[in-house]
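Only heavy atoms go into these numbers, but all of them, side chains included; no hydrogens, no water, no symmetry mates.
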Amino acid sequence: AESVLCHGERSARFRDIIDGFDGRKWFCKRADVDQWAIFGEYKGPLSNSPEDVHRRIEESARRKKEQDRKKTEEIARELSPEDFDRELEVAQHQLSLNEGDRLHLKGRGFSDPQIDEIGFRSLDRGQKISGLSENFPGYHPQYKSLGGGRKSILCPFPGIDGKWIGAQYRLQDLAPDEKGRYRWLSGNKIGGELPIACWDKVYRPDAWAIWAIEGTGIKPALAHFKLQFPVIGASGGLFATSPVQFRKTWEHLSKKYGTNKLRVAVDAGDVINPDVTQRLERQFVFWKQLAIDVEIAWWGQVTKDADDI
């Protein structure tokens with residue numbers, strides 16, 4: 001059965017039923033208070049007794065009020081994009097990229113000048129970083145560290161003005177029970193939304209499409225430098241969960257290049273993964289609402305054995 005991990009409805013309680021944006025009903029299977037909730041599709045009957053209808057309305061209002069309160073508090077703690085860019089560069093000046101991490105990035109396809117331009121940095125246990133504010137995303141003032149002190153690569157990404165608006169770190173060593181190498185710097189948001197990457201460092205006046213690629217750092221950056229097309233990137237390919245940031249980025253690039261075409265790159269094996277295809281369907285619904293002309297970049301990448309972009 002399909003399950004969805006949701007941070008947007010994190011005030012939900014066990015067995016709460018909510019309305020999904022896709023018209024389906026979802027019930028809360030598990031929740032970690034103020035952190036996340038896991039939902040499954042609800043296919044059972046809903047009681048229409050006055051008491052149950054009233055209870056559902058009250059629960060919905062309670063969740064909405066709690067979500068609004070939490071979002072207001074989070075936004076108040078956010079750094080401005082200008083301050084994030086400035087403080088990230090403060091951190092970058094104190095960090096370096098070790099040879100092993102540089103070789104990894106070169107193995108992915110980056111050149112040394114590209115690696116240096118992006119400003120990848122190595123993170124590890126025991127590193128001390130000074131000069132950052134207490135609310136800099138992912139910063140631990142007590143330990144003066146970023147990224148939880150894990151051995152990883154810091155992967156910054158720019159917004160529409162070319163300045164750094166966000167960063168994730170790629171874990172180099174995974175525990176047996178860990179899934180996914182990429183982690184956000186905790187609290188890295190703009191207006192309550194996860195930032196959207198805008199890779200547009202190489203200007204190509206004849207670019208006839210804007211590419212949409214899963215991820216924010218390594219993958220969309222590499223695609224941008226290889227294809228020399230503008231690239232929009234979103235963590236997990238979840239463009240629709242940052243609607244304001246995506247729309248702002250799309251309108252900027254669409255106007256700059258005079259195109260309404262969005263070319264979506266699906267990873268190898270995505271089309272036979274039901275969870276991923278459902279995620280893609282939700283993104284296409286979102287893009288259709290924005291009247292964007294969408295096409296899929298296809299080179300036969302049916303299975304994981306095929307090449308990624």
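- Note on ring orientation: taking the six-membered ring where Trp is involved, the planes of F246 and W250 are parallel (angle under 30°, cut-offs 30° and 60°).
- Within 6.0 Å of the CD atom in E134, the count of heavy atoms belonging to other residues, nucleotides or ligands does not exceed 12.
- More than 12 heavy atoms of other shown residues, nucleotides or ligands fall within 6.0 angstrom of atom NZ in K128.
- Ring planes of W211 and F229: perpendicular class, angle over 60° (limits at 30 and 60°).
- A salt bridge between E82 and K163 is absent, with no side-chain N of the basic residue lying under 4.0 Å from a carboxylate O of the acidic one.
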*Between T241 and E193, is a side-chain hydrogen bond (donor to acceptor under 3.5 Å, both in side chains) present by the stated rule, with each step listed?*
CA-CA 7 Å; T241 59; E193 295 181 353; over 6 Å; no
_Using ring pair (Phe, Tyr, Trp, His ring centres under 6.0 Å), reason through Y169 and Y182 one step at a time and then give a plain yes or no._
CA-CA 6 Å; Y169 55 99; Y182 290 90; 9.3 Å; no
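- The pair D112-R102 counts as a salt bridge, with a side-chain nitrogen and a carboxylate oxygen less than 4.0 angstrom apart.
- By the 4.0 Å N-to-carboxylate-O rule, R121 lies too far from D101 to be salt-bridged with it.
- Taking a cutoff of 4.0 Å between a charged side-chain nitrogen and a carboxylate oxygen, E73 and R69 qualify as a salt bridge.
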*Please walk me through it: do H140 and S145 pass side-chain contact (heavy atoms from CB on, under 4.5 Å)?*
CA-CA 5 Å; H140 301 270; S145 66; 3.8 Å; yes
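- Atom NZ of K256 has more than 12 neighbouring heavy atoms from other residues, nucleotides or ligands inside a 6.0 Å radius.
- A salt bridge links K64 with D68: the distance from a Lys NZ or Arg NE/NH1/NH2 to an Asp or Glu carboxylate oxygen falls below 4.0 Å.
- Aromatic ring centres of W287 and F239 lie closer together than 6.0 Å.
- Side-chain contact check for K261 versus E295: some heavy-atom pair is nearer than 4.5 Å.
- Between D270 and K304, none of the side-chain N atoms (NZ, or NE/NH1/NH2) sits under 4.0 Å from a carboxylate O, so this pair counts as no salt bridge.
- Between I118 and I115, every side-chain heavy-atom pair lies at or beyond the 4.5 Å cut-off.
- Look at K189 and E78 and you find no salt bridge, because none of the NZ, NE, NH1 or NH2 atoms lies under 4.0 Å from a carboxylate O.
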